[in-house]
Amino acid sequence: QDNPIFGSGRKVEGKWVVDEQEPPQFKGPGMILGLAASALIRMDWLSKSDPLVALFLKMPNGKYEFLSKTEYKKNDNNPTWETELYIPIDRQGVSKNSIVRLSVYDVDSPQILNDKDELGYHESSVRDLLAHDRKEASYDLISSDANLNRKLKKAGSQLHITPTFVPPEDDDDDETE
């Protein structure tokens, strides 16, 4: 099934393999996410993390579908990403009640998102993100790995999200008098 809102990504043996993306078309209704992080933990021995953020949509069956990702930032534990991520709303099964997951990865290759390289994540409903329209909100990164979760908490690792609502496009471009 070809679903135009989903990025080109597939999960293979615990890794998301993602293709390079075209810049998103910000057509409403939807939400644009500006992203930054602070106090990311170091996963590499000799250098800082090389982070990127991947956006996933939680499906009704509990599985996640890859939507898009930012660029990666080399050797940066306090990155601000230039790529904004886009969530369509009220289309193709995405509603304000949908759950999205923003996962921060320390990548060696931006095309491979390996579960073991996940630095942490934040999950939220689209509705909760929209409540902060045009205002930055900071969220503690968490992990399902207890040891990593302790490290994230100790470091104070956070994801900073600035959501901007994109209203529906007006179809009345032809004004008649």
Side-chain angles (χ1 to χ4, degrees), residues 5-24 26 31-59 62-88 94 98-126 128-129 132 135-164:
I5 69 163
F6 297 121
S8 178
R10 60 204 172 283
K11 193 153 191 176
V12 180
E13 297 177 7
K15 299 176 186 176
W16 280 94
V17 180
V18 296
D19 298 322
E20 286 303 311
Q21 305 168 214
E22 294 295 318
F26 299 135
M31 182 174 26
I32 298 169
L33 303 176
L35 299 161
S38 59
L40 294 178
I41 59 174
R42 190 181 248 193
M43 296 288 272
D44 300 328
W45 285 99
L46 300 174
S47 66
K48 297 177 182 173
S49 292
D50 302 323
L52 68 72
V53 177
L55 173 64
F56 299 92
L57 176 68
K58 190 171 189 178
M59 303 307 287
K63 293 187 178 186
Y64 291 89
E65 288 290 335
F66 171 79
L67 289 178
S68 60
K69 64 180 175 64
T70 64
E71 79 280 9
Y72 81 101
K73 295 288 192 169
K74 190 140 182 75
N75 291 323
D76 195 343
N77 288 346
N78 297 291
T80 298
W81 288 277
E82 291 152 32
T83 304
E84 296 175 314
L85 301 183
Y86 177 71
I87 302 170
V94 181
S98 295
I99 301 296
V100 294
R101 180 176 182 145
L102 293 151
S103 293
V104 180
Y105 289 89
D106 177 19
V107 296
D108 297 317
S109 164
Q111 282 75 37
I112 306 290
L113 305 178
N114 194 328
D115 287 351
K116 71 178 182 63
D117 293 330
E118 186 179 60
L119 290 170
Y121 66 88
H122 170 71
E123 264 188 18
S124 181
S125 71
V126 171
D128 289 343
L129 290 174
H132 298 285
K135 296 181 196 102
E136 182 180 286
S138 298
Y139 303 95
D140 293 338
L141 287 173
I142 60 171
S143 174
S144 53
D145 177 280
N147 188 38
L148 182 55
N149 212 30
R150 280 191 294 279
K151 290 178 182 178
L152 290 167
K153 191 170 187 163
K154 183 177 180 182
S157 298
Q158 290 193 318
L159 185 62
H160 311 284
I161 305 170
T162 305
T164 302

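None of these values were measured; they are calculated from a predicted model.
The shortest side-chain heavy-atom distance between Val100 and Ile87 falls under the 4.5 Å cut-off. Between Leu35 and Ile161 there is a side-chain heavy-atom pair separated by less than 4.5 Å. Looking at heavy atoms from C-beta onward, His160 lies in side-chain contact with Ser38 at the 4.5 angstrom threshold. For the pair Ile41 and Ser49, the minimum side-chain heavy-atom distance is 4.5 Å or more. Residues Leu129 and Met31 are in side-chain contact: their nearest non-hydrogen atoms beyond the backbone lie under 4.5 Å apart. Put simply, the side chain of Leu57 reaches to within 4.5 Å of the side chain of Ser98, judged on heavy atoms. Contact check for Lys73 versus Lys48: no side-chain heavy atoms found under the 4.5 Å cut-off. Annotation: side chain of Leu40 is in contact with side chain of Leu141 (closest heavy-atom distance under 4.5 Å).
Across all non-hydrogen atoms, the minimal contact from Leu113 to Phe66 is CD1-CE1, 4.3 Å. Contact detail for Ser144 and Tyr121: the closest heavy-atom pair is N-CE2, 4.0 Å. Closest approach of Leu102 and Leu55 over heavy atoms only: CD2-CD1, 3.7 Å. Asp140 and Gln158 get closest at one heavy-atom pair: OD1-NE2, 3.0 Å. Pairing each heavy atom of Tyr105 with each of Ala54, the nearest pair is CE1-CB, 3.9 Å. Nearest heavy-atom pair, Asp76 versus Asn78, reported as atom, atom and distance to 0.1 Å: OD1-N, 2.9 Å.
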Q: For side-chain contact (heavy atoms from CB on, under 4.5 Å), just list the numbers for Val107 and Ile112, CA-CA rounded to whole Å, side-chain angles, deciding distance to a tenth of an Å, and then say yes or no.
A: CA-CA 7 Å; Val107 296; Ile112 306 290; over 6 Å; no
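Rounding to the nearest 0.5 Å places CG of Leu52 at 10.0 Å from CG of Asp117. Here His122 contributes atom NE2 and Ser157 contributes atom OG; the two are 14.5 Å apart, rounded to the nearest 0.5 Å. Here the CZ-NZ distance, from Phe56 to Lys58, works out to 13.5 Å after rounding to the nearest 0.5 Å. The CG atom of Asp115 sits 7.0 Å away from atom CD of Glu118, with the distance rounded to the nearest 0.5 Å. With rounding to the nearest 0.5 angstrom, the CE atom of Met43 is 11.0 Å from the CG atom of Asn77.
Remark: side-chain polar atoms of Trp81 are not paired, donor with acceptor, to backbone N or O of Ala37 under 3.5 angstrom. With hydrogens and angles disregarded, a donor-acceptor distance shorter than 3.5 Å links the side chain of Glu71 to the backbone of Glu82. A distance-only check finds a donor-acceptor pair linking the side chain of Asp145 to the backbone of Leu148 [under 3.5 Å].
Taking the six-membered ring for Trp and thresholds of 30 and 60 degrees, His132 and Tyr139 have ring planes more than 60 degrees apart, a perpendicular arrangement.
Looking only at atom types and distance, the side chain of Asn75 has a donor-acceptor partner in the side chain of Ser47 under 3.5 Å away. Side-chain contact annotation: Glu123 with Tyr64, donor-acceptor N/O pair under 3.5 Å present.
A salt bridge does not link Arg101 to Glu65: none of the charged side-chain nitrogens sits closer than 4.0 Å to a carboxylate oxygen.
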